[in-house]
Number of protein chains: 2
Amino acid sequence: MSPKQQRGEATVELLLDTALRVYAEGGEQALTVNAVTKASGVSLGSLYHHFGSIDGLVDALLMRWLERLLGEMVTALEHSRTARTGVRALTRAYLSFVREHREAGMLLHSSRADRLGMTQAARLRDAQEARLTPMAAWVAHHVEKGEIAPLPVPLIESLVLGPVVGAARRWLTFGDIDLDEAARVLPERIWRSISAEPE
Amino acid sequence: MSPKQQRGEATVELLLDTALRVYAEGGEQALTVNAVTKASGVSLGSLYHHFGSIDGLVDALLMRWLERLLGEMVTALEHSRTARTGVRALTRAYLSFVREHREAGMLLHSSRADRLGMTQAARLRDAQEARLTPMAAWVAHHVEKGEIAPLPVPLIESLVLGPVVGAARRWLTFGDIDLDEAARVLPERIWRSISAEPE
DNA sequence: GTGCTTCTAGAAAATCATTCTATTTCCGCG
DNA sequence: CGCGGAAATAGAATGATTTTCTAGAAGCAC
């Protein structure tokens with residue numbers, strides 16, 4: 001199903017770009033096959049040839065941006081020596097991403113992201129193993145080094161990502177959060193929650 | 001749009017109950033007007049009379065359960081003397097709720113919950129002011145008492161609810177979290193993150 | 001029981017997703 | 001070249017789902 005010819009590649013790109021634009025302009029209900037074909041000039045046949053269904057298209061769009069987001073998060077971790085700085089870098093990477101790609105961020109946080117009964121996390125696990133495994137490994141590694149409290153990895157991940165995702169979500173839909181302040185304050189607060197050091 | 005007669009009330013109840021059942025049995029794609037009318041025996045006309053659209057129906061279903069969840073959370077807070085015990089009670093209330101109402105929990109956490117471009121949080125603010133305001137007030141109160149760190153209320157809320165929602169979500173879709181352990185461990189960890197005490 | 005509103009009912013219309021068949025474009029290979 | 005098959009484009013036809021619309025039945029106040 002992935003394109004074998006260059007024109008196919010171009011069509012796929014065009015469709016994905018157009019889909020995000022349509023979503024950005026008209027919101028979720030606007031994201032229909034018809035709207036995307038009209039706005040892109042691509043025919044129905046091509047859309048279905050490449051994506052199989054409207055969900056397939058949205059899916060691919062989500063994947064594209066999720067890949068980017070996770071990539072930046074993993075990079076942030078890899079460039080950090082200690083667990084503490086890792087948390088800071090991860091938080092900043094995440095918040096910068098949603099600030100710089102508002103529409104994509106909204107798509108990732110909202111609604112369609114859970115299509116087909118999978119949550120963002122589940123989707124990650126299935127298709128982004130290459131990105132997720134390093135994060136879990138990173139956590140496990142720092143737990144073993146005694147920096148992070150000896151808790152199950154999923155709980156650590158909830159403690160770290162939960163507040164970051166929550167703050168991003170809130171900024172996206174409400175705007176009652178100052179992203180700079182969040183990037184400054186959350187990391188140290190999150191760190192207190194997962195640190196192995198006694199209270 | 002809300003029913004004025006008893007039979008109307010009964011129809012609304014029946015539709016909401018049936019909708020959750022249909023969702024529980026067939027997942028998101030199964031939740032169609034047709035499926036709900038067939039399964040409930042209620043006519044299309046009645047459904048549209050009461051809810052205006054399929055989204056209106058799903059919306060009302062979400063509201064009904066959100067109301068219950070928030071109610072239990074607020075109750076938990078009100079029965080807690082200190083901020084610390086409040087966090088514990090809140091966490092337990094939330095996790096108990098999703099355990100006891102799995103399908104409703106899935107509906108609240110997944111997919112449809114963000115319909116119409118509003119996140120769960122935004123939805124809260126709009127329609128559940130009566131429930132949300134007490135929570136914000138509770139936070140503000142304990143900030144003033146010097147128990148909780150002097151941060152903006154939205155950040156505190158992200159730090160508290162983020163991990164809880166994340167863990168619940170993960171349990172619902174993955175099952176790789178032990179809810180009892182989460183209920184035991186998360187509160188103290190969350191507390192460390194929002195406590196006003198120096199590290 | 002009259003008059004008004006709410007509610008029920010389901011056929012008809014509109015919208016949207018998908019399938020299908022035909023046609024064109026690309027690309028490797030002789 | 002130019003032939004043959006795979007990839008891609010095209011859009012009409014079909015199918016599924018939501019929504020509108022009109023008609024009438026049931027409740028309620030007086």
Out of D:dT19, D:dA10, C:dC16, whichever nucleotide has its closest atom nearest the side chain of A:Thr32: C:dC16

Nucleotide of D:dA8, C:dT19, D:dG11 approaching A:Ser43 most closely (side-chain heavy atoms): D:dG11

Value in whole Å for how far the C1' atom of D:dA16 lies from CG of A:Asn34: 15 Å

Most 5' of B:Ala35 and B:Gly45 on DNA chain D, judged by nearest nucleotide: B:Ala35

Flag side-chain contact, heavy atom, 4.5 Å: A:Leu61 against A:Tyr23: no

Side-chain N or O of B:His50 closer than 4.0 Å to phosphate OP1/OP2 of C:dT8: yes

Whichever of B:Val42 and A:Gln6 has its nearest DNA chain C nucleotide further upstream toward 5': B:Val42

Residue pair B:Leu62 / B:Leu107, side-chain heavy-atom distance below 4.5 Å: yes

Evaluation steps, ring-ring contact (aromatic ring centres under 6.0 Å, His included), between A:His109 and A:Tyr94: CA-CA 12 Å; A:His109 282 87; A:Tyr94 198 106; 5.8 Å; yes

Spacing between B:Lys38 atom NZ and D:dT18 atom P, to the nearest angstrom: 12 Å

side-chain N/O A:Thr11 vs D:dT9 OP1/OP2, d < 4.0 Å: yes

Length of the line joining B:Phe51:CZ and D:dT17:P, which is rounded to integer Å: 20 Å

Spacing of A:Leu31 atom CG relative to C:dA17 atom P, expressed in whole Å: 9 Å

Integer-rounded Å distance: D:dG27 C1' and B:Glu9 CD: 15 Å

N/O (side chain, A:His49) to phosphate O (OP1/OP2, D:dA8) under 4.0 Å: yes

Whole-Å distance separating the CG atom of A:Leu14 from the P atom of D:dT9: 10 Å

Separation of C:dA11 P from B:Tyr48 OH (nearest whole Å): 16 Å

Base C:dT6 paired with B:Arg7 side chain (donor-acceptor, <3.5 Å): yes

Euclidean distance, atom CG of residue B:Leu44 to atom C1' of C:dA13 [Å, nearest integer]: 13 Å

Carboxylate-amine/guanidinium proximity below 4.0 Å for A:Arg64 and A:Asp17: yes

Check ion pair A:Asp180-A:Arg99 (N to O, under 4.0 angstrom): yes

